[in-house]
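Per chain, numbering begins at 1; letters A, B, ... match sequence-line order.
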Amino acid sequence: MAKEKKLEVKDLVISFATVDGKVQAVRDISFDLYKGETLAIVGESGSGKSVTSKAIIGISSPNALIESGEIIYDGQDLLRITEDDFHKIRGDKIAMIFQDPLSSLNPIVKIGTQLTEAMILKNKASRKNCRKEFNQMLTDLFDNINKAEKDANVEANKALAKQFDEFNIFSINLENKYNFAVGAGEEYIPNADDLLLKVEKGVKSDFKKMSKLFVKDLRKCQHPYFVTKEVIDPIVARAEENHNKKYDFSVEVLAQCVQEGKEAVLSAQKLTKPNYFTIGYYAYAHPTEDLSKYTVEELNKLAREVLDKEFMLSFIDKVVVAMKQSDKDSCQGKRDLIDIIANNRGVFEKETLDKKECYETYKKLCAGVEASIDKLVVIKDSLAYTFKYSLKAALDKYFDAVNTNPKEQAKYDKSKAQWDRLNAKGKTPDWKVTPPAIIDLELTRKNILMILDRLVEKYENALADTGYDYEQGALNLIEFFKEKARGVVDVVTPARARAKALKLMEEVGIPDPAARFKQYPFEFSGGMRQRIVIAIALAANPDILICDEPTTALDVTIQAQILELINRIKAERNLSIIFITHDLGVVANMADRIAVMYAGKIVEYGTDKDIFYNPKHPYTWALLASMPDLETKEKLEAIPGTPPNMIFPPVGDAFAARNKHALQIDFEQQPPLFKINDDHYAATWLLHPDAPKVEPPRIVTQRIERMKAKSASLQQVKPVEVAVEKPAKKAPAKKAPAKKTTKKTKEGGDQ
Amino acid sequence: MNKVILKVENLSQYFKMGGRYLKAVDHVNFEINKGEVFGLVGESGCGKTTTGRTIIKLYNATGGNVYFDGQRIVAGIYDYKEAIKNAKLAYKQKVASGTATEADRIEMEEEVAKQRENIKKAKYDHKYCNRDHARKCVQELDEKWLPILQKAQLEHGVGSDEYKKLHAQYKHDRRVAKNERIVNKIQMIFQDPIGSLDPRMTVREIISEGLVIKGVKDKELIDQQVYDVLEKVGLVAQHANRYPHEFSGGQRQRIGVARSIIMKPDIIIADEPVSALDVSIQAQVINLLNELRHEMGLTILFVAHDLSVVKYFSDKIGVMYFGKMVEMATSDELFAHPCHPYTKALLSAIPLPDPDYEKTRTRIVYNPLRDHDYREEGPVMQEVTPGHYVLCNSEEKAKYLKEIEG
């Protein structure tokens, strides 16, 4: 199954206009980010990692010129949408953890306010948004049903839609109550353990206060299908009696109560979970019936039967009919559009384009695309949705350039003339002649044609592919409705936001969060502030998380804790992460795929295993060699020199000047991306069939062999001899490394 | 040559926080031999940096002593004060219970007098260690120069050029010797290469400042030394006229290193020198420190939180947790046989550039409440195996010993 693409970056080029000239920070990079995946971007400072991420979240500095490219998220091109539209995405859908915690916190607002403010504000907006999307999809669905049934029973369908809407919301409300109790139970167990330990070890603390807190916590777990009232009441009564006594408060009784509470919660966690989607319907359809007479299992079974019989099966049938209808319409639309494009392509093929004609064709094409989109498919076809924006942007750019190019040229000529005049007099002016910002018309026109061709190609492929599973599509659609209904019901009150914030603060390793909640940023140390920034980013519950060196300033234990937190949230919410760092250890922990960047280009791109066990680009080797691990003894190989000046980027491979394996061609021509396997690409001439064979530095090969031996020994196979022989062959002059490897592999074997 | 060059004895540094003390460093003991690199690790806020700063007298130590080359340079009085308080309290209790004798009183008074003497000595040493060192230096210089001068006086006469030249040289050296401070033998490299360099001074001024304060007035000599250290740290002489903002991060850190080695120190306290740098530049700076160490015979106290770098660079490692040293051993021993549960937790958190290992790595969580039982016997620093010290009680010691052997 192909993974869903969350974010596509295509041919991105970003430069900065500075006094000295144009700094080419990002030079033509492309990558995809899939759902539930971590992409790590690795490279030195100044390689364009942060520039790329800032462009994705739309906060490039004002002198940044985005020369070309697309960043596609959820059917929108993030480089082209307005600031108002971006407000709906930034923070809510795409969040970022910044490197510098000092500049990303407001010094005069308390930490608690900063944490909860966004949660409350964004919640309002996202509920509205979910409601809108829910309604839109429902309308589309029933329009299609009506169309397929030829408007035979419009009124009945209307009632059905209303019923579906109402019972969805109703059941999710019920489910939330249950989930709240389960969540409270999960929180209760570690707290109880802590308290019991304190009692056992005789640590001095305010047990009376803790007893009150414990009662409060246990009460939260109360739910008819979780820890029932009958179980909780006696425990709570005993604990309350105990701590309401004025003098002889007994720690033993408290410990007993906590222990019992813990057992109750643990046993409740083993119970069958009620299926609220079905139960919700049952309760909605039979509001007068008392559900407490059934057990959970009975109720689950009964509700499922009722739901299927009364509603779901017929509903799914209708959805399938609607999807077939919609698919049919969109196929027709696609065929029409291909015709339209074929007929009107000539307009854009002329030497100089006619403005009026172009924009008229643009409108015609937009209408065609609109008709060709299948709205009932949940995963949006990014190309079709962004077609409108990218074509408009390309056209605007062309006609703007027609206007501005002569002006720019004139400006340049003027200042050049003045410079020459002063120079002729023997003076050197203290200003510089900036080169004219002239846009290449021919390139822009070709870009327009490419946009058209890409869509046609995609549609032709889509028309050829006919095996679409409507049943699965219908289920996906129902999932989509459920998700949106969840969003509609999810109300964040200030109290809930506070509870959530406290939990997050605890998770990112801030001790005593309740007291810290009321403090100002200056009262926190650097590491603490960084953790607050991370908590804020996670609080927004984003789709895509961009982490710009989030843990560089933190120490190992907290770093490990935060990486675990991010990984857990990723698994829970199927989050996509872009992780920027230069610490390869962290990369190995987090990344599914890795892009190594140097001088604004991606030089190597592959899965984590490809990059660490089979690196191909000399720059990747250099990065790996310059980092010590726990078994490194020999001198580290630092990368000589500094990254190139990006005002005048090198002609050939940018890394050639610092690369001791550089070939002659590296200085003359840029290497293309060579394919090593389906996921692994590297841009180096060393991979060309005619290139001489070059081995990675010894420190890297040794480490790779060590790692292989280690993982092999974990799987209890014995490839030790193979691992020993290789380095001995490679470095016959130096015996020491071979010996070392033997020792290491043996150690690895012991483990 | 296992000569102890720096000895830290029961060093404590408390900060006042409202009515109580924040024990940033609490009775820390360690020794560094000459030419060794001692790594100090621990999570942020555990007192690593404070230890370094207290040793170099940026803070006034609350209690304990630091000996440099046998000479006490840092001395705190807290422990003595506590001893006086306890002695008085014990006597008072005896009086209250009616068992006090004359002998007890005399004993108490003797104890108090002894501790007061200690306090006096500690205060003197803490304040005047530099002056005493300077006097010693001047004395040595005089012993060396006076015969030479006398000889010159006899041979050439007082008014002769030769004598004048020699005398001028003597005066210059004497001025330098007078300004000699023993703490100058310990230099520090700071964490933040941007924040630790004055943006309004040229590199030459930054690097030569120490010499100027010391009283060196010979411009040519200063320049020569500045160029020498610049070359040593991998920069060129032309860089001396530039300002810090014209350098990249790695070069700035090199300037910081140059500033500390121009004083010809015996010990360098490197306070997270590579934490703020890129990987490739990190390697450059570590290689540089390594070269300098062998070339100049430096002893380094390396404070860092990146354990793979510490492991690579240090001979001995001390692990700190909340102001206390919990484990101390040679770096290989510490990584092969970690004993204290906190050390284990710390080691289990190191990320390594190995995806297969990383994705299966499980972190150990340290919970002092769960991992120790100090109800009956409190922990002290004990030697489990030769050279391997752990903060534990006797029960735990037996357990750790078993772990190492098994």
Side-chain angles (χ1 to χ4, degrees), chain A residues 42 44-46 193-194 197-198 201-203 525-528 552-561 563-564 582-591 607-609 611-613 622-633 635-640 642 703-704 706-708 710-711 714, chain B residues 41-46 48 248-251 272 275-288 290-291 304-313 331 335-336 342 345-363 365-367 369-370 372-375:
Chain A
V42 190
E44 270 172 291
S45 45
D193 281 345
D194 209 41
L197 216 79
K198 273 187 183 159
K201 293 271 163 91
V203 181
S525 74
M528 291 274 197
T552 313
L554 303 179
D555 56 87
V556 248
T557 32
I558 297 295
Q559 168 173 301
Q561 206 173 320
L563 296 185
E564 269 170 29
H582 59 246
D583 188 338
L584 290 165
V586 175
V587 172
N589 186 319
M590 298 292 293
T607 63
D608 51 346
K609 290 196 178 116
I611 302 284
F612 280 101
Y613 298 143
L623 274 184
L624 286 168
S626 64
M627 191 197 164
D629 68 359
L630 294 180
E631 277 142 39
T632 316
K633 290 271 182 241
K635 198 180 163 202
L636 297 176
E637 293 188 19
I639 309 174
T642 48
R703 188 181 294 163
I704 290 169
R706 224 155 44 209
M707 293 191 293
K708 274 183 186 163
K710 211 172 177 180
S711 62
L714 284 178
Chain B
V41 296
E43 58 191 283
S44 55
C46 73
K48 302 168 297 202
S248 69
Q251 283 175 322
E272 315 225 8
S275 304
L277 303 174
D278 258 8
V279 210
S280 56
I281 294 161
Q282 246 179 44
Q284 288 174 10
V285 173
I286 289 170
N287 282 342
L288 169 70
N290 232 344
E291 277 163 25
H305 62 238
D306 187 341
L307 280 157
S308 16
V309 173
V310 174
K311 163 92 194 318
Y312 171 73
F313 194 51
S331 61
F335 277 77
Y342 178 67
L346 205 60
L347 296 190
S348 75
I350 310 173
L352 292 178
D354 180 355
D356 276 347
Y357 163 78
E358 271 300 313
K359 303 247 150 95
T360 54
R361 176 167 64 95
T362 47
R363 188 165 62 91
V365 181
Y366 175 57
N367 182 351
L369 219 56
R370 192 189 59 214
H372 304 292
D373 191 355
Y374 292 144
R375 270 174 295 173

Ala591(A) versus chain B, the contacting section by heavy-atom distance below 4.5 Å: backbone
Heavy-atom side-chain contact between Asp356(B) and Phe612(A) under 4.5 Å: no
Leading residue by heavy atom contact count with chain A [cutoff under 4.5 Å; candidates Gln251(B), Glu272(B), Gln282(B), Arg370(B)]: Arg370(B)
Nearest heavy atoms of Asp583(A) and Gln559(A), plus distance in Å: OD2-NE2, 4.3 Å
Flag, side chain of Gln284(B) to backbone of Ile639(A), donor-acceptor distance under 3.5 Å: yes
Option that, when pairs with chain A are counted at under 4.5 Å, heavy atom only, ranks first among Arg363(B), Glu43(B), His372(B): Arg363(B)
Side-chain (Tyr312(B)) to main-chain (Leu636(A)) donor-acceptor, under 3.5 angstrom: yes
Proximal component of Asn287(B), with respect to chain A [non-hydrogen, under 4.5 Å]: side chain
Which portion of Arg375(B) sits near chain A, non-hydrogen atoms under 4.5 angstrom: side chain
Among Asn589(A), Leu584(A), Ile558(A), residue most engaged with chain B (heavy-atom pairs, under 4.5 Å): Asn589(A)
Contact class of Gln561(A) relative to chain B, heavy atoms under 4.5 angstrom: both
Beyond-backbone contact of Glu358(B) with Asp608(A), side-chain heavy atoms, under 4.5 angstrom: no
Approximate separation, where rounding is to 0.5 Å, of Leu352(B) CG and Met707(A) CE: 9.5 Å
Val586(A) portion near chain B, given a 4.5 angstrom heavy-atom threshold: both
